[in-house]
Amino acid sequence: MNTERYTVTAALPYANGPIHIGHLAGVYVPADIYVRYLRSKGRDVVFVSGSDEHGVPITIKAKKEGVTPQYIVDKYHAQIKKSFADFGISFDLYSRTSNKVHHDTASEFFTVLNDKGVLEVKTTDQYYDEKAGQFLADRYIIGGCPNCGYTEAYGDQCESCGTSLSPSELINPRSALSGDKPVRKKTKHWYLPLNRYETWLKEWIIDGHKKDWKTNVYGQCKSWIDQGLNARAVTRDLDWGVPVPVVDGQGKVLYVWFDAPIGYISATREWAAQTGNDWEKYWKDPGTKLVHFIGKDNIVFHCIIFPAMLKSHGEYVLPDNVPANEFLNLENNKVSTSKNWAVWLHEYLEDFPGKQDVLRYVLCVNAPETKDNDFTWKDFQARNNNELVAILGNFINRVVVLTHKFFNGVIPERGALTAFDNKLIQRIADFPDVLSLNFENFKFREALNTFMDISRLGNKYLADTEPWKLIKEDRERVGTILNLSLQVAANLAIMGEPFLPFTVEKINNILGLDKKQWNSAGSIDLIGTGHQINEPTLLFEKIEDKAIEFQINKLNATKTDTKLGNKVNDEIKPVKDTILYEDFSKLDLRIGTIIGAEKVEKSNKLLKLKIDTGMDRRTVVSGIAKDYSPGEIVGMKVSILINLAPKKIMGIESQGMILMGEGDDGKLAFLLPDKEIVNGSVIS
RNA sequence: GGCGUGGUAGCUCAGUUGGUUAGAGCGUCGGAUUCAUAACCCGGAGGUCGGGGGUUCAAAUCUCCCCCACGCUACCA
């Protein structure tokens, strides 16, 4: 018996929203298929995930909605957990990072690293809100953007111009909590010196995993390592998260990127405690294979940072493989939560009750394994009707119907085998190994296609042997044919389980079989002669055009809504504080004409514009190159802020700022006068 | 701009260390069939392998340049 041990993790979804098909296709369906296969093989496997419930975005969302962070995470944790259960994602435990076990585990982990002297401690000046009595996370500091002048820029990024900032760059910073001007105060933080692991990472990944890791994963890692790694802060000043377990750690928590992956360990501990297992076997025994299923956005954390943490801790195994997937698009557009451009799992089940396996099938067969892929409803319908219904469902149905028609649902005896039969038997016997190889190499799409070939083979066998004709002259031969066909059906129930667990259960019910393990696959003695099978029920039903049109309209409606501005609230920027007329009048806004434009060398966003302001001709650097080419804008009359302090950008002094409107898709548009007006005209 | 990944039939993808007429599924067209949810089965059409140079007796496969998509990174309204 194979006793290989596996610890399989699926990315921790961030608990600030529901789950959509992109998550399922990229992470949870492949992970589940893999794990179901391993279990069927009799391997010792634990499969965990959980909600990632810490971090600043949750605190911000809570603030916006006027509720506590706990309320937010409770709500989404429950919803996410239910979605996974509904789709048959067979976690041994789906946990959450707000659990005590996790707080303990993460604390211990930090303590070990700290005691070993792995972490570096640095004291820096940070902004502190005296009224609120706490340090301010970068996002909690608001102030003027030094680049574009936007007055509501966050301390980490200006949402107006997209610049990444550090809080110290903000002009007139104020606290998002109290509105007061924050003071600078010294604070101490712990850092993980990733730079010290560069040599080791090179050996471990670049030399050691060149062959067995997916090219996209390997390439991304190489890119990161080659660029050089920096120390990353492990702690931050915040009150939502795992408290830093040292004397001078008050008011500090572990940074979410540090505590989140430890959530895998916590979940395993929790599961082990509940089931009487030893969690350490699954994380510290060198014989255990650790496999992380994630999306491509998480590669750096799972291939570089977390392994560095595990390595520096010293007791843990390192990931054996990280089969990260790319992204799934929806009807040719990126999935976007804020634009509601998504198929949410809970909504899918309302519209297509009982069709979990259809979605699992489509997402697997079309999974973004090597590049971004597209999900379309039309394809969904075609896959269901032409593959699940026509090939798999049809095969099972015709075998069962024929058995009832000719043998009253009793498995007929298998007589003498022809060479043709033996060919079928041989081919069936070959499938398990081919599939195994696909699974072990994380080629789930190919595995699913191979699995469908079993049904194709069965259909062809029936077409070639024509039992419905033969029944009149050779009943015994028909018995043999159906017996073999039924064995093929039983094989489908074993080898299909990783992909289509709900369907397999139906097949087993129809055939009156118990669930069987992988080592029985390939056999033609899965159903005994004389066994009574049940009445056929349809495994899949056709999906009509109507249902597909409904989904497409639903999506298009969200697009229209978005265009009209009736979109999900958090995309609209909040109204800024009231100002006096004097404040406004400080701005000198004019009309000017673009008389020249050229691309700024070595930049892909910037155009160097020459503007005639009526009183002078000045140079303005503007980041509009993605939306406008130099040729199309010369001669346009635009709005310009002329008394903005000059600033050198890419070595060019920019003397002003062109006013642009920014759409929700990030596209920029000029503000243009609607009738002829001379250069230098005042805008007020 | 730098780095990474990808660009093969209408669609989704395979193509092992360069080697005979470049494959599969779906779609499409034609045929056959009726046990089956008009499904299954057989056959045909359809590709200058993103574009262009180079190496080679021989390149989708190696090399150089360019274009496009996605991601990371830099600069940035």
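Throughout, a chain's letter reflects where its sequence line sits, starting with A, and its residues are numbered from 1.
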Handout entry: Pairwise 5' ranking along RNA chain B for A/Ile391 and A/Asp372, keeping only the more 5' one
Key = A/Ile391
Exercise for the section: Find which nucleotide of RNA chain B each of A/Asn459 and A/Phe406 is nearest to by heavy atoms, and output the residue with the more 5' nucleotide. Expected result: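 It is A/Phe406 whose nearest nucleotide is closer to the 5' end.
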Exercise for the section: Taking only the side-chain heavy atoms of A/Arg383 (C-beta and beyond), determine which of B/A39, B/C26, B/U12 contains the nearest atom. Expected result: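 Within the option list, the nearest is B/U12.
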Handout entry: Side chain of A/Val401 - closest among B/G4, B/A36, B/U37
Key =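 Among the listed nucleotides, the one closest to the side chain of A/Val401 is B/A36.
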Problem - Pair A/Glu326-A/Lys296, salt bridge (charged side-chain N to carboxylate O under 4.0 Å, His left out): steps then yes or no - result: CA-CA 5 Å; A/Glu326 305 280 305; A/Lys296 66 173 164 184; 3.1 Å; yes
Practice task
Ignoring backbone atoms, test whether A/Thr215 places a side-chain nitrogen or oxygen under 4.0 Å from the OP1 or OP2 oxygen of B/G6.
Solution key: yes
Exercise for the section: Kindly say if A/Lys371 contacts the phosphate of B/U12, meaning a side-chain N or O under 4.0 Å from OP1 or OP2. Expected result: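 Looking at the OP1 and OP2 atoms of B/U12, neither is under 4.0 Å from any side-chain N or O of A/Lys371.
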Problem - Sugar-phosphate only, base, or nothing, as touched by A/Leu448 at under 4.0 Å among non-hydrogen atoms - result: nothing
Practice task
For residues A/Phe444 and A/Phe499, report the shortest heavy-atom separation together with the two atoms involved.
Solution key: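 The answer is O-CE2, 4.0 Å.
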Handout entry: Whole-Å C1' distance, B/C40 and B/C35
Key =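 Pairwise C1' distance, B/C40 against B/C35, rounds to 10 Å.
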Handout entry: Separation of the C1' atoms in B/A9 and B/G47, to the nearest angstrom
Key =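 Their C1' atoms lie roughly 5 Å apart.
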Handout entry: Complementary nucleotide for B/C49 - Watson-Crick or wobble, under 3.5 Å
Key = none
Problem - Min side-chain heavy-atom separation A/Val400-A/Asn534 under 4.5 Å - result: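 Contact flag for A/Val400/A/Asn534 side chains = no.
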Problem - Test item: A/Pro319 and A/Phe306 side chains (from C-beta on) under 4.5 Å apart, heavy atoms - result: no
